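Reminder, nothing fancy here: chain letters follow the sequence lines and each chain counts from 1. Quick caveat: nothing in here was measured; it's all calculated off a predicted structure.
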Amino acid sequence: MKKILNQPADFVPEMLDGLIKAHPDQLAYTEDIHCIVRADSPVQGKVALATGGGSGHLPVFLGYVGKGMLDGCAVGDVFASPSADQMLAVTKRIDGGKGVVYIYGNYGGDVMNFDMAAEMASFDDIEVKTVLVKDDVASAPPAEAGRRRGVAGMVFAFKCAGAKADQGGSIDEVAAAAEKALANTRTMGVALSPCTVPRAGKPTFTIGEDEMEIGMGIHGEPGMKREKLQTADEITERMMDAILADLQPNPGDSLAVMVNGLGATPPEELYIIYRKAHDLLAQRGIGVHRAYVGEYATSMEMAGASITLMKVDPELAALLDYPAQTPFFIQL
Amino acid sequence: MKKILNQPADFVPEMLDGLIKAHPDQLAYTEDIHCIVRADSPVQGKVALATGGGSGHLPVFLGYVGKGMLDGCAVGDVFASPSADQMLAVTKRIDGGKGVVYIYGNYGGDVMNFDMAAEMASFDDIEVKTVLVKDDVASAPPAEAGRRRGVAGMVFAFKCAGAKADQGGSIDEVAAAAEKALANTRTMGVALSPCTVPRAGKPTFTIGEDEMEIGMGIHGEPGMKREKLQTADEITERMMDAILADLQPNPGDSLAVMVNGLGATPPEELYIIYRKAHDLLAQRGIGVHRAYVGEYATSMEMAGASITLMKVDPELAALLDYPAQTPFFIQL
Amino acid sequence: MGETVSSEAIVAGVRKVGVTLVAQEEYLTSLDQQMGDGDLGITLSKIGGALVEFADSTPVDGDLGKWLGKAGMAANKAGSSSFGTLLATALMRGGKVVSGKSELTPEDLAAMFAAADAGVQERGKAQLGDKTVVDALHPAAEAFAAAISAGESLAAAGQAALAAARAGRDRVTPLRSKIGRASWVGERTEGKVDAGCEALVVMLEAVV
Amino acid sequence: MGETVSSEAIVAGVRKVGVTLVAQEEYLTSLDQQMGDGDLGITLSKIGGALVEFADSTPVDGDLGKWLGKAGMAANKAGSSSFGTLLATALMRGGKVVSGKSELTPEDLAAMFAAADAGVQERGKAQLGDKTVVDALHPAAEAFAAAISAGESLAAAGQAALAAARAGRDRVTPLRSKIGRASWVGERTEGKVDAGCEALVVMLEAVV
Ligand SMILES: Nc1ncnc2c1ncn2[C@@H]1O[C@H](COP(=O)(O)OP(=O)(O)O)[C@@H](O)[C@H]1O
Ligand SMILES: Nc1ncnc2c1ncn2[C@@H]1O[C@H](COP(=O)(O)OP(=O)(O)O)[C@@H](O)[C@H]1O
Ligand SMILES: [Mg+2]
Ligand SMILES: [Mg+2]
Ligand SMILES: [Mg+2]
Ligand SMILES: [Mg+2]
């Protein structure tokens, strides 16, 4: 896959420079451009939300920095964790006196560095709570759910916790909103093609012209199984079956549904997937509270898609429906 | 490029079925699902806006149906014009008594069919005005600007004309707003990889691993030149030079800038392009009124990007800034 | 001469064109991919299918003109690319001049051919030499009319039309396309056969 | 025995590790691509470059402990993947136990090795047998300490550590990865060498 870039080493800082130039009213950064924050941060008296992770997943992670969602984001190189240092700088800049909630994906480097950052933040008397996103059912069986990786489901956590914080929730309430959203959220994806990390220069994996990888992660981590490419309906059924078996919603329940494109898969195909997901839920007597179809968590130019379901009760529904505004995500 | 679909012949109707299921509050259709309209249409007393064209370009075309933008869209098969019949059905359904403005790209099939539809609409006493989008500087020299094809610049026409209509403008004023936006709008793109029309099953063109096509159209129509792949900065400079030579803004002017991904090119790379475009404008003393970076007019899973510039005076700036809300485009 | 063409023969001819268009999908797509967007074969295959279905399900009911007009509308619904729309226009305009008739004379056929040619030029606004289907259609219509005036058989007139279409197609092959998608390909169209011209030849081959 | 290691030797050793990590970028990336995300070589090459720069620009100023701690912070800034963060942690923890010293005894080195091992386990929470760098690092630290206790030379202790690291790496190769990205690859990791173990071996080879 061909890429539009200058020097691979400049990929992330140049991307960030463009981002800040495009959205000067909404985004700013600390001394280090890898530390992106809301332009109006710190928002005094509000619990702040921070995330972080590698680049290459836009809108994840920094794309959700904005009103009603996150206050800051530590940005790593492509698919690489940012440093504890950067996380600390974001933490200090966004703290509005009510503490900071970290919400990020369950990846080794991120966990280790956010843990270090939280330790260091405590020296500055900033209270930090951590919520780990582990929504990918394909990455481990239910008995080992703690080992699962975090993928597109994190967006629902950002949305619900961000709404709670905007409504004046305490740090415990905000963290609880994120935890509750995640307890009700499951994701599964399928990949059809690899992507290329600029500095590596070659694809993260290879896959046959007629193959797909069921349950692939958003960095090209292999999934559960490699199979022959199937039809949209079959693929959708595969993902939905795995998610529903894990989430176990009941007839009469209401779900938020996200059909997320990994990069190269066009929106047209995402709507074909959504159609089947919607029909499968209807057959089980399950309603759709809100549908999100588009690119929410990507892997550069990987082809493929994921489905995320979140069971919503009235509280989660209200948090999900609350307005938000970032350069990548607007909800009225 | 592998695709997620069922039967190729069902690609568009299934996509539309998913779309309507995902956005039931915003979108509806006439008897034919290929005729997409605002759920609340006809909006009485408002000039209606219609567009149409082939599928495979989401959000273009139907993605701009919604408040503050379009009232309806006739949807063709992938890269194929819809029929005059479908355009007429949309026209009849959205007319709120003040007439209908057609805004669409300068493609043979679309022009012929919209012309037929306009003739037929006149039998129903519906006033129709047509505005053709011809923004692609790469498709013909300035002396033959009438032959140019319509690409991403149409979004600015939808936006400005849609705002004018929402503000109560007459059919002449709405058409004039679209014409004015387009008179100040130029686009140019570059493609790095082809895309596959589901029914054709093979790529629309072939291109070497180290090549790019300068000025390619959004259906894979060849552009001005095939060249060796260059750096992001060089590519951006090429596109900006061509557009600026044609648009000829003056220092002190203000522009709206759109960096549009064709499908597979990730947002990260679009921001790297935006960065250079922004810097080039700054060097010329030209300001950016508003930046749009993302996917606005695509070619399925084609890799590549386009840049669109629109010179804005206070009137166009106000129309551009006016709120809009569609399933694919929200502006507060 | 007393040669006439029955409703059944017209219906069979339209059906034959339909079958041929379906069969030639890949070939025509490959031609359009070289200098267009690659949809011509798809469009014409859809139209071909629609024409077959229309011919099989719609009785002529004594008015071939109306029947051809409706066939054109069915064609437009099935596929509305440039060529598809022009084909639909040709059917509608051709039908108009034989309105009310249930069988056609050679002169009727020549008038239909001429009306189709005029309709295509009006709808598409292409000039001769722009390298479009007009460059094959116009000489074909003229050759057909000339042969009929000269008292030749329908079969001979058909062959003359086909030969003229082929010659027209070949005459513009070296040229640069001046209208439609192919015009954007610029000099790279030189030496490549126009897909629309070839599609017309393919259709004529099916019926003459 | 009176063998000691000077500040200059420590600085040179850190620099050598840095140079090696830069040189091995492609090799380590290719290993990580087989069961991880393919960033290990990139991360370690960035860290390697940072260590070289740090070693070249930062004087020890009489406190090797502080210097190593700062080297760890520089490493973390340069690359913060799992392995990169563990490497930074190892440097910081290793530095802590020799705080204030300007030259090190063999026992100091053994204590540093042990502290690094403990730090990595604490930070990464991996168990022996999970198939991570711990499976090479822990036996290496133990072998080094044992050799020093037995009065062997530094060179011999280094060889013992390297041999233990290699043996540890090979011992877990048949196993399935239980933590980190590789754990998601499941059974397909069986029989493939752990990239982190190999990275440790590569670093040790550079200095022993
Ligand atoms: N304006 C026109 N007038 C006459 N013929 C045209 C015109 N535009 C295109 N054509 C013919 O149609 C052919 C392409 O058909 P088609 O693939 O349906 O067009 P498109 O995909 O551009 O809508 C061309 O080869 C040419 O012969
Ligand atoms: N929690 C952990 N504890 C110890 N070592 C680990 C841990 N997680 C990963 N590793 C080691 O790090 C190596 C991968 O390093 P790296 O590519 O930096 O990880 P990632 O890309 O997942 O952040 C693995 O081969 C393993 O040896
Ligand atoms: Mg990594
Ligand atoms: Mg077409
Ligand atoms: Mg075509
Ligand atoms: Mg890795």
What part of [X] gets within 4.5 angstrom of chain A, counting heavy atoms only: side chain, backbone, both, or neither?
X: Phe11(B); answer: both
X: Ile235(B); answer: side chain
X: Gln7(B); answer: neither
X: Asp10(B); answer: neither
X: Val288(B); answer: neither
X: Leu229(B); answer: side chain

Heavy-atom pairs under 4.5 Å with chain B are the metric here; pick the option from [options] that has the most.
options: His278(A), Met302(A), Glu295(A), Met300(A); result: His278(A)
options: Val190(A), Thr265(A), Asp17(A); result: Asp17(A)
options: Gly56(A), Gly304(A), Ser55(A); result: Gly56(A)
options: Ile273(A), Leu16(A), Leu58(A); result: Leu58(A)
options: Ala232(A), Pro198(A), Pro59(A), Pro13(A); result: Ala232(A)

Side chain [X], main chain [Y], donor-acceptor under 3.5 Å:
X: Glu268(B); Y: His57(A); result: yes
X: Lys21(A); Y: Lys276(B); result: no
X: Asn6(A); Y: Thr231(B); result: no

Find out whether Glu209(B) and Lys2(A) are in side-chain contact, i.e. whether some heavy atom of one side chain is under 4.5 Å from a heavy atom of the other.
yes
Between Leu5(B) and Glu269(A), is there a side-chain heavy-atom distance shorter than 4.5 Å?
no
Take atom CZ in Phe205(B); do more than 12 heavy atoms of anything else shown fall under 6.0 Å from it?
yes
Sort Leu332(A) into side chain, backbone, both or neither according to what part of it lies under 4.5 angstrom from a heavy atom of chain B.
side chain
Measure Asp25(A) against the heavy atoms of chain B and call it side chain, backbone, both or neither at under 4.5 Å.
neither
Just checking, any donor-acceptor pair under 3.5 angstrom between side chains of His23(A) and Tyr274(B)?
no
Atom of Ala22(A), atom of Val293(B) and distance for their closest heavy-atom approach:
CB-CG2, 4.2 Å
Closest heavy-atom pair, Lys3(A) versus Pro266(B), reported as atoms and distance to 0.1 Å, is NZ-CG, 4.3 Å
